[in-house]
Every structure is written in C-alpha cells, then in structure tokens.
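Encoded as structure tokens, the structure appears first; notes follow it.
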Amino acid sequence: RLDEEDEQQQQLQQEHMGGTQEELDRLPVYTVENEWKGNSDNSKCLICLSDFAKGDVVRILPCLHQFHQAECVDPWLRRKMLCPVCKLVF
C-alpha cells in the first residue's frame, strides 16, 4: 500500500514539475498589434489581470489560454508546466 502511495505521489510531482527553457520555446508567442478592449478573457492576461496592449508579447498555451510571456506565464511554467487557469498539464 505504501509503495502504491509513493508511486502516485512521485507521478503527481513529475506532472507538476516546471518546464525547461527548451519546452517553453516550443509554445507559440505573438506580439499584440492592436489594443484589445472588452470583457473577454482573451483580451487580458488572467495572471496579472491587465488588458493586452500594443507591443505586449503574449504566450499561447495548448489549451488556448493566453498570458503575458516574460512577466507572467513563463515564471509560472518554470515552476509548474500546467495552465494556471484550467490546470491542463502539457
């Protein structure tokens, strides 16, 4: 029983390990060309809650959630390779 619990704990830890720079570099980014206004989740970073502004670099995760790259989501992904909103592990 203890071996099974240890194995499950190790699997959970591995799933939530942070990503390497190489893994982060595989995720797409884009630069915002026009300011977005509105109440859509796609118009703002759900980490800092700021609207995306012209010139911001935004990273898109496999679940299609979007965040400011350097200042918001990359530090998160270095700790945990999962979406901060929907918790999708990738």
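In this chain, residues are counted from 1 in sequence order.
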Next on the checklist: Please give me the minimum heavy-atom distance between Ile60 and Leu64, naming the atom from each residue.
Outcome noted: CG2-CA, 4.1 Å
Checklist entry - Do you know which two heavy atoms are closest between Asp56 and His68, and how far apart they sit? => result OD2-NE2, 3.0 Å
Next on the checklist: Hydrophobic clusters here meaning ILVMFWY residues chained together by side-chain heavy-atom distances under 4.5 Å, can you tell me if Ile47 and Val57 are in one?
Outcome noted: no
Next on the checklist: I need the minimum non-hydrogen distance between Met81 and Gly19, along with the two atoms involved.
Outcome noted: SD-CA, 3.7 Å
Item to check | Polar side-chain atom of Arg59 near backbone of Leu27 as donor-acceptor pair, under 3.5 Å | outcome: yes
Checklist entry - Can you name the residues that form a salt bridge (Lys or Arg N to Asp or Glu O under 4.0 Å) with Glu33, not counting sequence neighbours? => result none
Next on the checklist: Looking at every non-hydrogen atom in both residues, tell me the closest pair between Cys83 and Phe90 and how far apart they are.
Outcome noted: N-CE2, 3.7 Å
Checklist outcome for this item: On a heavy-atom basis, the closest approach of Leu61 and Pro84 is CD1-CD, 4.1 Å
Next on the checklist: Donor-acceptor check, side chain of Trp76 to backbone of Leu82, threshold 3.5 angstrom: yes or no?
Outcome noted: yes
Item to check | side chain to side chain contact (heavy atoms under 4.5 Å, CB included) assessment of Phe52 paired with Cys45 | outcome: CA-CA 7 Å; Phe52 294 125; Cys45 174; 3.8 Å; yes
Item to check | Stepwise side chain to side chain contact (heavy atoms under 4.5 Å, CB included) test for His65 and Cys86 | outcome: CA-CA 8 Å; His65 285 114; Cys86 69; 3.7 Å; yes
Checklist entry - If two hydrophobic side chains count as joined below 4.5 Å and joins carry through other members, does Leu88 share a cluster with Val29? => result no
Checklist outcome for this item: Output for pair (Arg26 CZ, Thr20 OG1), nearest 0.5 Å, gives 6.5 Å
